[in-house]
Amino acid sequence: MLVRFWGTRGSLPVARPALAVQGKIARALVAASGRKFNDELEAHAWARNNLPFHTYGSYGGASSCVEIEGADGAFIVCDMGSGLREFGLDAARRCADGHPRVYHFFMSHLHWDHIMGFPFFGPAFDPGAEIVVHAGHPDAEQALRRQQEEISFPVPFDWLRARFTFITHQPGETFQAAGLTVSMIGQHHSHESYGYRFERDGRAVIYSTDSEHKLDNMESEKAFEHFFRDADLVICDTMYSLGDTVSLKQDWGHSSNVVAIDLCHAARAKRLALFHHEPTYSDRDIQHMHAESIRYEELVRADRPPLEVICAYDGLEVRV
Amino acid sequence: MDLRWQVSVESGRVVGVPAGRVDETTWEAFTGHLTAAVKEAAANGAPLVVDLSGLDYMSSRGLRALTIARREAGETVAITLAAPNARMREILAISRYDKLFKIADSVESDI
Ligand SMILES: [Zn+2]
Ligand SMILES: [Zn+2]
C-alpha cells in the first residue's frame, strides 16, 4: 500500500502569510551565505541536505484528506477536507491515463474540516464516476447535501453527475471494500467519530483522527491498543500537548503526541504519523513538536521495539 | 514490569514514593496508591509530595493518573512532584505537565 497525504491540518485550513515565507528565505540566505550555486538544481540539492524542513519545506495547510493506493484499483480516500480538491485534480489526470473512475471514501466524521473539500471535488461532476461513501454516521449523506444548499454553496448536490452510494457501517464490523479488509472503531468526539483499520497482504494502516482519549476512561484504551495491533502505519490525531488535553482543551475531542506514542507502543505498531496539526502552529512549531515526539518515544521505549515517529505533511508519501 | 510504592508522613506532609515504571501495565496500581495517598493527606490536613526519584519513567497513563489525583484532591490537598530524574524531567516538559504541576528539585526543597 502507498499512503499519500493531501491534507494534514486540523480544524481549519491555513496558508502561511508573506511574512512566514520571507522568514524562510532570509534564514536560507543566511545559512547559505558565501556559497555559490551554478543553477537552481544545485541550490535545491544543497538546501535539501542542509536546511531544516521548516525552512526548505512546509507542512502545508490543507485539512484532512489521505489517500491509500494499492488495492483493487479504485481510489481510496479518508476524509474530504480541503486537501480533497488537489486530490480531485490529480485523480482526473490519472483517470485520463486510464485509472478506473471508482472512489471509496472513508469518513472519520462530518465536521466541516473533514467535508469542506467535497464541493470542490471535480470527479463528483463526472457522469462516469462511481462514488461510494463509507461512514459510521447514518447522516453522512445529509451532511454533504446540507453543505451544498444554496445558503452555503451555489451548486446543489442534485446537480452532481457521479453515481453515489452511502454505506453506514457498525463499529466492530469487518467488511471488504475496494480490495481491502476494513474494520472500524468508535472514537470519543463531538457527534462521534470513527477510526479505520485497512488491511491487505498482511499489512495494516490505521486512520484515527479527531479522537480524544479521555482521562476518566483510560480502560477503554485497551480497545485502541487492540485496534492498532502490529500496524505498519498509524495515522493519529496529535493536535495538542498532553497537558492541554487534560486542562484547557479537555473535551475538545482531540489527542496528543504523547498518548498516540503510548498507544502505538502498547500495540507494537511500527510507525506513527503525527496528524491533524494545530492551525495556529507555524512550520517551526510543528517540527519542534515532531522532534519532541521522537524524543518521548526514546524516553519511554524501554524494551519495546522502536516505533518510528514521522510527521505528516501535505504531499508526503509513505510506502507500507 | 512492577511498580513499588511506599508512603510516609514526615514534616507534616504525606510523601508517596513510587519506584519502577508507570506505563500501560502498572498505571492502575499507581492510580490506586495515589488515591489512597490523597485521602490520607486530606485526613491529615497535609499536602502530598510525590517523590519521583525512584521512578525510571512514567508514560501518559501515569501523568493522567496525577491529573485524576489532583481532581480528587481539589482545593484541600496541594500536590507537588519532587526529585524527577533527568528522563522524568524531559517527559514532564514534553507533555507540558511542568506547566500543570509544581515541581521541586528535591523532597527536602519543597518543605
Ligand atoms: Zn478535525
Ligand atoms: Zn472534528
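Since we're looking at a predicted model, the values are computed, not measured.
The cationic group of A:Arg197 does not satisfy the cation-pi geometry with A:Phe228, failing either the under 6.0 Å distance to the six-membered ring centre or the 45° limit from the ring axis.
For the pair A:Thr8 and A:Ala312, the tightest heavy-atom approach, listed with the atom from each and the gap, is CG2-CB, 3.7 Å.
Enclosure of atom NZ in A:Lys270 by more than 12 non-hydrogen atoms of other residues, nucleotides or ligands within 6.0 angstrom is indicated.
Between B:Trp5 and B:His33, the ring planes lie parallel to each other; the angle is under 30°, not in the 30° to 60° tilted range.
In terms of heavy-atom pairs under 4.5 Å with chain A, the best-connected choice from B:Met58, B:Lys99, B:Glu90 is B:Glu90. Residue with the most contacts toward chain A among B:Glu28, B:Arg64, B:Arg96, B:Glu24: B:Arg64 (heavy-atom pairs, distance under 4.5 Å). In terms of non-hydrogen atom pairs under 4.5 Å with chain A, the most contact-rich of B:Arg87, B:Arg61, B:Met88 is B:Arg61.
A donor atom on one side chain and an acceptor atom on the other are found under 3.5 Å apart for A:Asn257 and A:Ser293.
Both the backbone and the side chain of B:Ile94 come within less than 4.5 Å of a heavy atom of chain A. Both the backbone and the side chain of B:Ile91 come within less than 4.5 Å of a heavy atom in chain A. Looking at A:Ile261, there are no atoms closer than 4.5 Å to chain B (heavy atoms on both sides), in backbone or side chain. Proximity to chain B (any heavy atom under 4.5 Å) is restricted, for A:Glu225, to the side chain, taken from C-beta onward.
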For residues 239-248 of chain A, which side-chain N or O atoms pair as donor and acceptor with protein atoms under 3.5 Å away, sequence neighbours left out?
from	atom 1	to	atom 2	distance (Å)
A:Ser241	OG	A:Asp244	N	3.1
A:Thr245	OG1	A:Leu242	O	2.7
A:Ser247	OG	A:Gly243	O	2.6

